[in-house]
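What follows is a short report on a single structure.
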Number of protein chains: 2
Amino acid sequence: MMSTAAQPLDRIFGALADPTRRAILARLSGGEATVNELVAPFGLSQPTISKHLKVLEYAGLVSRGRDAQFRPVRLNAAPLADAAQWLGDYRRFWDESLDRLEDYVEELKAREKSHDGQ
Amino acid sequence: MMSTAAQPLDRIFGALADPTRRAILARLSGGEATVNELVAPFGLSQPTISKHLKVLEYAGLVSRGRDAQFRPVRLNAAPLADAAQWLGDYRRFWDESLDRLEDYVEELKAREKSHDGQ
DNA sequence: CCATAATATAGCTATCTAGCAATATAGATA
DNA sequence: TATCTATATTGCTAGATAGCTATATTATGG
């Protein structure tokens with residue numbers, strides 16, 4: 001199960017490396033779902049989907065609720081921000097000319113965040 | 001070696017899921033390097049690094065040159081843009097309030113790109 | 001309490017992974 | 001040509017992964 005010693009980014013990128021798991025996240029971006037609702041669209045067994053959910057949970061990308069015998073799954077996107085930040089360090093290599101604009105926006109955003117704002 | 005049928009994002013995220021490979025990319029962001037230069041900082045054998053390089057190459061993240069008996073490795077960040085774009089679809093979930101600003105900038109960037117500009 | 005529905009766990013297989021040491025190959029140089 | 005240096009390839013091991021079926025668990029509802 002991806003060695004217990006794995007770093008957060010290992011788990012996050014590892015979770016995203018599987019198309020079924022990316023599809024699960026895409027589905028969850030439209031709202032929470034039960035396990036069976038997630039099983040339906042794939043040609044995969046329920047235990048297989050449950051295993052994928054465990055990988056996503058281990059990466060912090062989903063969390064589970066409880067509603068009678070249902071265990072609703074919801075998206076938790078926070079770790080994706082870490083992944084995006086890691087990628088951000090390389091942005092200038094694929095998008096050199098727009099780098100300064102990006103920096104400017106990041107600065108604006110940081111400023112807005114520090115002022116708070118709703 | 002991550003099934004031949006893997007999709008590009010599988011290979012990209014899969015490549016990023018290993019800390020040694022992320023460190024190699026970080027090193028390459030400072031300029032190209034030979035295999036032995038990449039071996040040095042890790043406590044890993046040369047064949048192990050060569051194998052990591054093959055995974056990175058398969059994901060399109062590095063390319064190799066030839067200079068005498070050296071095979072210089074350089075960063076190819078383009079596939080990271082695909083990963084970043086995928087993540088971008090989830091940005092609003094971790095960064096709701098700044099979404100409109102982000103959209104605005106994306107629009108600006110698209111406009112600037114279509115005008116070209118150096 | 002019993003039956004059913006939703007989900008989790010166990011146990012299995014085939015394949016992939018990350019690491020190693022040993023060896024092969026390719027190019028430069030003495 | 002012989003040798004040295006840089007890198008690739010081979011063959012191995014231990015452990016992870018993705019899938020399955022069968023079974024256990026948990027909670028509802030009769």
Side-chain angles (χ1 to χ4, degrees), chain A residues 1-25 27-28 31-59 61-74, chain B residues 1-25 27-28 31-59 61-74:
Chain A
M1 175 171 239
M2 185 171 278
S3 147
T4 288
Q7 304 171 209
L9 282 177
D10 295 5
R11 298 196 287 252
I12 296 163
F13 283 129
L16 299 181
D18 182 279
T20 299
R21 288 193 291 263
R22 290 197 305 277
I24 288 174
L25 293 179
R27 167 59 236 272
L28 293 177
E32 71 176 27
T34 67
V35 174
N36 276 336
E37 284 168 345
L38 293 172
V39 168
F42 305 100
L44 300 175
S45 72
Q46 173 263 313
T48 294
I49 296 298
S50 284
K51 203 192 276 188
H52 281 305
L53 291 174
K54 234 154 82 166
V55 173
L56 289 167
E57 198 174 7
Y58 186 54
L61 288 166
V62 305
S63 55
R64 322 286 311 259
R66 189 178 286 281
D67 172 15
Q69 70 270 79
F70 302 85
R71 305 290 317 277
V73 186
R74 49 191 136 57
Chain B
M1 178 171 238
M2 184 170 279
S3 146
T4 288
Q7 304 170 209
L9 282 177
D10 295 6
R11 299 195 286 251
I12 297 163
F13 284 128
L16 299 181
D18 183 278
T20 299
R21 287 193 292 262
R22 290 196 305 276
I24 289 174
L25 294 179
R27 166 62 236 271
L28 292 176
E32 71 177 26
T34 68
V35 174
N36 275 337
E37 285 168 345
L38 294 171
V39 168
F42 305 101
L44 299 175
S45 70
Q46 172 263 312
T48 294
I49 297 297
S50 284
K51 202 192 277 187
H52 280 306
L53 290 175
K54 231 152 90 163
V55 174
L56 288 167
E57 198 174 7
Y58 186 54
L61 288 166
V62 305
S63 55
R64 321 288 311 261
R66 188 178 287 282
D67 171 15
Q69 69 269 78
F70 302 86
R71 305 291 316 278
V73 187
R74 49 192 134 58

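From a predicted model like this one, the values you see are computed outputs, not experimental measurements. Below, chains carry the letters A, B, ... as their sequence lines are ordered, and counting in each starts from 1.
Evaluation of the salt bridge (Lys or Arg N to Asp or Glu O under 4.0 Å) rule for A:Arg74 yields A:Glu32 as partners, not counting sequence neighbours.
Residues B:Asp10 and A:Arg22 have side chains in contact (heavy-atom distance under 4.5 Å, counting atoms from C-beta outward). Side-chain contact between B:Pro47 and B:Lys51 is absent, with no heavy-atom pair separated by less than 4.5 Å. Here the side chains of B:His52 and B:Leu38 are not in contact, with every heavy-atom distance at 4.5 Å or above. Looking only at side-chain heavy atoms (C-beta outward), A:Arg64 and A:Val35 come within less than 4.5 Å of each other. For the pair B:Leu9 and A:Leu16, the minimum side-chain heavy-atom distance is 4.5 Å or more.
Residue B:Ala6 comes nearest to B:Arg11 through the heavy atom pair O-NH1, 2.9 Å, listed as atom of the first residue, atom of the second, then distance. Shortest non-hydrogen contact noted between A:Pro72 and A:Arg66 is CD-N, 3.9 Å.
For DNA chain C, the residues of residues 34-46 of chain A within the heavy-atom distance limit of 4.0 Å (strictly under) are A:Thr34, A:Val35, A:Asn36, A:Gln46, sorted by number.
At least one side-chain nitrogen or oxygen of B:Arg64 sits closer than 4.0 Å to the OP1 or OP2 atom of D:dA8. Proximity of B:Arg71 to the phosphate of C:dG27: no side-chain N or O atom is located under 4.0 Å from OP1 or OP2. Contact check, A:Thr48 against D:dC20: a side-chain N or O comes under 4.0 Å of OP1 or OP2.
A straight line from CZ of A:Phe70 to P of C:dA8 spans 12 Å, rounded to a whole angstrom. Look at CD1 on A:Ile49: it is 12 Å from P on C:dT7, rounded to the nearest Å. One can place CG of A:Asp10 at 10 Å from P of C:dA18, the figure rounded to the nearest angstrom. Distance CG (B:Asp18) to C1' (D:dA16): 13 Å, rounded to an integer number of Å. In this structure, the CZ atom of A:Arg22 is 12 Å from the P atom of D:dA18, given to the nearest Å. Between the C1' atom of C:dA8 and the CG atom of A:Leu53 lies a distance of 11 Å, rounded to the nearest Å. With rounding to whole Å, A:Glu32 atom CD is found 16 Å from C:dA6 atom P. To the nearest angstrom, P of C:dT7 lies 16 Å from CG of A:Leu56.
The nucleotide whose nearest atom lies closest to any side-chain atom of A:Pro47 is, among C:dC20, D:dT21, C:dT7, D:dT21. Nearest to the side-chain atoms of A:Lys51 among the listed nucleotides C:dA6, C:dG19, D:dG19 stands D:dG19. Side-chain atoms of B:Ser50 lie closest to D:dA8 of the nucleotides D:dA8, C:dA6, C:dA8.
Proximity of a side-chain donor or acceptor of A:Arg21 to a complementary backbone N or O of A:Ala15 within less than 3.5 Å is detected.
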Collect all protein-nucleotide pairs involving nucleotides 25-30 of chain D in which both atoms are nitrogen or oxygen and the distance is under 3.5 Å.
| residue | atom | partner | partner atom | Å |
| --- | --- | --- | --- | --- |
| D:dT28 | O4' | A:Gln69 | NE2 | 3.4 |

